[in-house]
Amino acid sequence: MKKSTILIALLATMALGRNKASAQGGKPLFTGPIGVQAYTFRSSMPKATAAVLDTIKSLGITEIEGEGPKGMPPEEFRKMCDDRGISIPSTGAGYEAIVNDPGSVIKLAKTLGAKYVMVAWIPHGKEFTLDDAKKAAADFNRVVKILSEAGLTFCYHNHGYEFGTYNDGTLFDYIAQNTDPKYVSFEIDILWSFHGGQDPAALINKYASRMKLMHLKDIRKGVANDLTGGTDTKNDVALGTGQIDIPGVLKAAKKAGIKHYFIEDESPSYSQQLPVTIAYLKGLKD
């Protein structure tokens, strides 16, 4: 792990150097804190949590979404993050957990110091149907008030399958239109929005007041869109090298007031891609 930490730091230095040399004039487009989704490190975090957090810190990342590896008390993980100046503004919860045991979700979020709780998957069969959307909307409306009373904001994280056609819009629109905007917000995953056939910037603009969090991801050029909510992890690429109009997305996000951005790179090459992604973000000009 130490060797990989050194490699990442070296790659970051090289990427930032190239980026600085090629940067154009103008104000920085991305001005928020750089965050990362803990799932990015799912293979390494359980083996060497401290070393992974040291690497995260060395990359200039100051926010993390998620929790520690299985078996690690959340208090311990939070202290490790606190010691490195890394905050945990958001954590995830399974659909069943938030529906059936919101108290445990609240306890975990409070222990981590999180202000947001996101759910990234709605259980469904081969295809996501209107009945699935109706059930999710009803469940969300019922339980999220409990989170709100505890000082937490609930965010549904899209995953692509919700963009099947419904009336003159999509099933995602159904969920948005049939949940209370006072309590149900969104974390937009720009890769899954795009893969589901949407323009992520347009989706942000449409639901600007409810967009609170973002997963920063890009998808390999040539990958076709579909409604499966899944694609090979090798199709996750460094920001700015794929199909998504990242500057357009960030401009819409800034206008909407999104404050927390989490890089999520599911690729097996994440250690090489993260420094490139960060350098790209820092080099964008408005």
Side-chain angles (χ1 to χ4, degrees), residues 1-5 8 34-59 61-124 139 143-144 146-147 150 152-159 187 189 191-192 213-217 229-234 236 260-271 273-274:
M1 185 64 200
K2 289 182 179 179
K3 289 183 178 179
S4 63
T5 302
I8 290 177
I34 297 176
V36 69
Q37 223 294 334
Y39 189 71
T40 298
F41 304 95
R42 62 195 178 279
S43 62
S44 54
M45 186 80 82
K47 302 172 186 175
T49 308
V52 169
L53 292 175
D54 286 340
T55 296
I56 288 171
K57 180 180 178 181
S58 74
L59 288 169
I61 294 168
T62 58
E63 296 187 344
I64 190 167
E65 179 182 58
E67 56 184 299
K70 187 177 180 180
M72 176 177 284
E75 296 89 350
E76 181 180 349
F77 183 68
R78 180 177 180 179
K79 184 178 186 308
M80 294 178 74
C81 290
D82 285 345
D83 289 345
R84 292 163 175 81
I86 301 169
S87 64
I88 312 171
S90 174
T91 190
Y95 184 94
E96 296 299 334
I98 206 163
V99 168
N100 298 320
D101 190 10
S104 67
V105 174
I106 292 169
K107 182 179 179 181
L108 174 61
K110 291 289 189 179
T111 301
L112 294 171
K115 300 297 184 185
Y116 298 88
V117 173
M118 68 88 167
V119 167
W121 191 268
I122 298 171
H124 61 278
D139 284 340
V143 302
V144 297
I146 302 173
L147 270 69
L152 300 170
T153 298
F154 170 81
C155 292
Y156 175 62
H157 165 299
N158 65 276
H159 221 283
E187 175 173 56
D189 185 302
L191 181 151
W192 292 122
L213 311 171
M214 177 181 288
H215 275 185
L216 284 166
K217 308 167 74 170
T231 187
D232 193 312
T233 57
K234 292 179 182 178
D236 275 36
H260 300 285
Y261 301 79
F262 304 104
I263 299 166
E264 185 180 38
D265 192 331
E266 300 186 37
S267 168
S269 301
Y270 72 90
S271 61
Q273 294 182 173
L274 273 174

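Given the structure is predicted, the values throughout are model-derived calculations rather than measurements. Start at 1 with the first residue, then count along the sequence.
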Does any part of the side chain of [Y], heavy atoms only, come nearer than 4.5 Å to the side chain of [X], both counted from C-beta?
X	Y	answer
M72	M80	yes
D236	K217	yes
T62	I34	no
D139	V143	no
K234	P268	yes
F154	P102	no
P123	E96	yes
T40	I263	no

Residues L191, H215; criterion side chain to side chain contact (heavy atoms under 4.5 Å, CB included); working and verdict: CA-CA 8 Å; L191 181 151; H215 275 185; over 6 Å; no
Working to the nearest 0.5 angstrom, can you tell me the gap between [X] [atom1] and [Y] [atom2]?
X	Y	atom1	atom2	result
M45	L53	CE	CG	5.0 Å
L152	K110	CG	NZ	5.0 Å
M214	E187	CE	CD	9.5 Å
R78	T111	CZ	OG1	8.0 Å
L112	K107	CG	NZ	12.0 Å

Counting distance only, does the side-chain N/O of [X] pair as donor-acceptor with the main-chain N or O of [Y] below 3.5 Å?
X	Y	result
N158	D189	yes
R42	Y39	yes
S87	P89	no
H157	M118	no
T91	G66	yes

Worked verdict on I98 versus L147 for side chain to side chain contact (heavy atoms under 4.5 Å, CB included): CA-CA 9 Å; I98 206 163; L147 270 69; 3.8 Å; yes
So which heavy atom on [X] is nearest to which on [Y], and how close?
X	Y	answer
G229	W121	O-CZ3, 3.9 Å
V119	A93	CG2-O, 3.4 Å
I64	F262	C-CE2, 3.9 Å
K57	R84	CD-O, 3.6 Å
P69	T49	CG-OG1, 3.4 Å
T231	W192	N-CH2, 3.6 Å

S90 versus E65, side-chain donor and acceptor atoms under 3.5 Å: yes
Verdict with reasoning, F41 to L274, per side chain to side chain contact (heavy atoms under 4.5 Å, CB included): CA-CA 11 Å; F41 304 95; L274 273 174; 3.7 Å; yes
